[in-house]
*Asks:* 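Following this message is one structure expressed as structure tokens.
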There are 2 protein chains.
Amino acid sequence: MVLMAVRSDDEIRGDLSYLFDKASQALAVRMTAALAELDITPRGYCVLSKAMPGELTQGELAEIALLDKTTMVVTLDHLEGAGLARRTPSRTDRRARIVETTEEGDRVVANARTIIDGVYDEVLGVLSDEQRSVLLDALVGLVGAGGPLSTVEPTPNAPRRRSQRSSRSV
Amino acid sequence: MVLMAVRSDDEIRGDLSYLFDKASQALAVRMTAALAELDITPRGYCVLSKAMPGELTQGELAEIALLDKTTMVVTLDHLEGAGLARRTPSRTDRRARIVETTEEGDRVVANARTIIDGVYDEVLGVLSDEQRSVLLDALVGLVGAGGPLSTVEPTPNAPRRRSQRSSRSV
DNA sequence: TATTGTTATACTCTATAACTATA
DNA sequence: TATAGTTATAGAGTATAACAATA
């Protein structure tokens, strides 16, 4: 279910939460679909591209990519299984593993970049240059350093500390 | 984990996915926190406010609120448990149940509206009137009717058809 | 003792399937 | 037969806990 109750443009203009949620979700859907032809997910691309410069350990990569270290393990398992990345032991710390991209991985990143830029252009293409520029500036103002949406707060989804069964609010 | 790798404003300006995801998520966090004092979630408010005009069945309400009917059951269980809504049998269809708000529910909706407007003003307050107006127009252009992000497509999270174990792409 | 990466597991969220009672 | 609402449950995502190896 959950198809779509159509809401008028006038109505949604006053609903900032809806605008952001919808934009975020719809763009993610488009991006996921576009990258699927390369058999890579947005997250896979994110990790792979950040690993490209090289010499990063899994932990460092996780921090940069904003992923939990356990999520990073799964992501790298996939990337490695697909032959796009490799884990090699660090020579300075035998606990750590350096992530490096394969040649195929480099090619995929390059192709993905083209696809991603294409999607952005397609999406933003409906706006005038002026609108486009103001939109991006405004978003950076909100989300960027010191902005009201630059949260370094809680976690996205409900955190679930062991037990503590909070009396679920409505 | 997953605290925050700080990215420069210049860097994020070119990452539309990040800008939308972050804006959406950070606003949701703020909104959830702000509404918590009324002991209501954004979804609870959404359902309750749409039920206020009255005379809607659960199913109709689910469609309007973009929720699955099973999610609606849970949501209404909470709202009813908190004394904010009531389910009464329809007089024309003995299978259906009409959702109505209680007086307390009406009060909560009114207070929630004030809180929500306050958050929007607080957030958008960092922008100039001009920026603010262009931002909203641009978002409506992207997300609204006919826009490139007006997806009526797939489901938000990965749909999980029974079995079919898709070979998880990277 | 602390940290890296791993495995196992728990918890949330949301949707499919199956069911009851009507229509 | 089809539909409204319910219950049970499965699947996806992601984080906590515990562990082995090493620092």
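All heavy atoms count here, side chains included; hydrogens, waters and symmetry mates do not. Just so we're on the same page: letters track the sequence lines, and every chain starts at 1.
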*Asks:* Hey, are the side chains of E63(A) and K69(A) touching, using non-hydrogen atoms and a 4.5 Å cut-off?
*Replies:*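 No, too far: nothing below the 4.5 Å cut-off.
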*Asks:* Taking CD from E60(A) and P from dG5(C), how many angstroms apart are they, rounded to a whole number?
*Replies:*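 Atom CD in E60(A) sits about 8 Å away from atom P in dG5(C).
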*Asks:* Any side-chain N or O of R43(B) less than 4.0 Å from the OP1 or OP2 oxygen of dC13(C)?
*Replies:*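 No.
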*Asks:* Rounding to an integer number of Å, can you tell me how far E80(A) CD sits from dG5(C) P?
*Replies:*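 Whole-Å distance recorded here is 13 Å.
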*Asks:* Round to a whole Å and report the spacing from CE of M72(A) to P of dT6(C).
*Replies:*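 Spelled out: CE on M72(A) to P on dT6(C) is 11 Å.
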*Asks:* Calculate the interatomic distance between D68(A) atom CG and dT9(C) atom P; express it in whole Å.
*Replies:*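 So the two atoms are 18 Å apart, to the nearest Å.
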*Asks:* Answer with base, sugar-phosphate or nothing: what part of the nucleic acid does S90(A) contact at a heavy-atom distance below 4.0 Å?
*Replies:*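 No contact.
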*Asks:* Is any side-chain heavy atom of L27(B) closer than 4.5 Å to one of V119(B)?
*Replies:*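 Side chain of V119(B) against side chain of L27(B), heavy atoms only: contact under 4.5 Å found.
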*Asks:* Given atom CZ of R97(A) and atom P of dA21(D), what is their separation to the nearest angstrom?
*Replies:*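 Distance check: R97(A) CZ to dA21(D) P gives 14 Å.
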*Asks:* Verify whether one side chain among Y45(B) and R113(B) offers a donor that lies under 3.5 Å from an acceptor in the other.
*Replies:*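 On atom types as modelled, these side chains qualify, holding a pair under 3.5 Å.
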*Asks:* State the CG-CG distance between L76(B) and L67(B), to the nearest 0.5 angstrom.
*Replies:*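 CG of L67(B) is found 9.0 Å from CG of L76(B).
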*Asks:* For the side chain of T71(A), counting heavy atoms from C-beta on, which of dT6(C), dA15(D), dT6(D) is nearest?
*Replies:*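 Comparing dT6(C), dA15(D), dT6(D) against the side chain of T71(A), the answer is dA15(D).
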*Asks:* With respect to the side chain of T57(B), which nucleotide from dT6(C), dG5(D), dG5(C) is positioned closest?
*Replies:*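 Of the candidates, dG5(D) comes closest.
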*Asks:* For L76(B) and dT7(D), give me the distance from atom CG to atom C1', rounded to whole Å.
*Replies:*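 From L76(B) CG to dT7(D) C1': 15 Å.
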*Asks:* Taking only side-chain nitrogens and oxygens of R87(A), does any of them come within less than 4.0 Å of OP1 or OP2 of dT6(C)?
*Replies:*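 So the side-chain polar atoms of R87(A) do come within 4.0 Å of the phosphate oxygens OP1 or OP2 of dT6(C), strictly under.
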*Asks:* How long is the line joining CG of L56(A) and P of dG5(C), in whole Å?
*Replies:*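 That distance rounds to 11 Å.
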*Asks:* Report yes if the side chains of V143(A) and S150(A) come closer than 4.5 Å at any heavy-atom pair, otherwise no.
*Replies:*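 They are not in contact (no side-chain heavy atoms under 4.5 Å apart), so the answer is no.
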*Asks:* Round to the nearest Å and state the distance from L66(A) atom CG to dG13(D) atom P.
*Replies:*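 Going from L66(A) (CG) to dG13(D) (P), I get 18 Å.
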*Asks:* Reading nucleotides 18-23 of chain C from the 5' end, what letters show protein touch, with B for base, S for backbone sugar-phosphate only, - for no heavy atom under 4.0 Å?
*Replies:* ---BBS
*Asks:* Regarding D10(A) and S8(A), do their side chains bring together a donor and an acceptor under 3.5 Å, going by distance alone?
*Replies:*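 Not at all, the side chains of D10(A) and S8(A) share no donor-acceptor pair under 3.5 Å.
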*Asks:* Kindly indicate whether the side chain of D77(A), heavy atoms from C-beta on, has any atom under 4.5 Å from the side chain of R87(A).
*Replies:*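 Contact flag for D77(A)/R87(A) side chains = yes.
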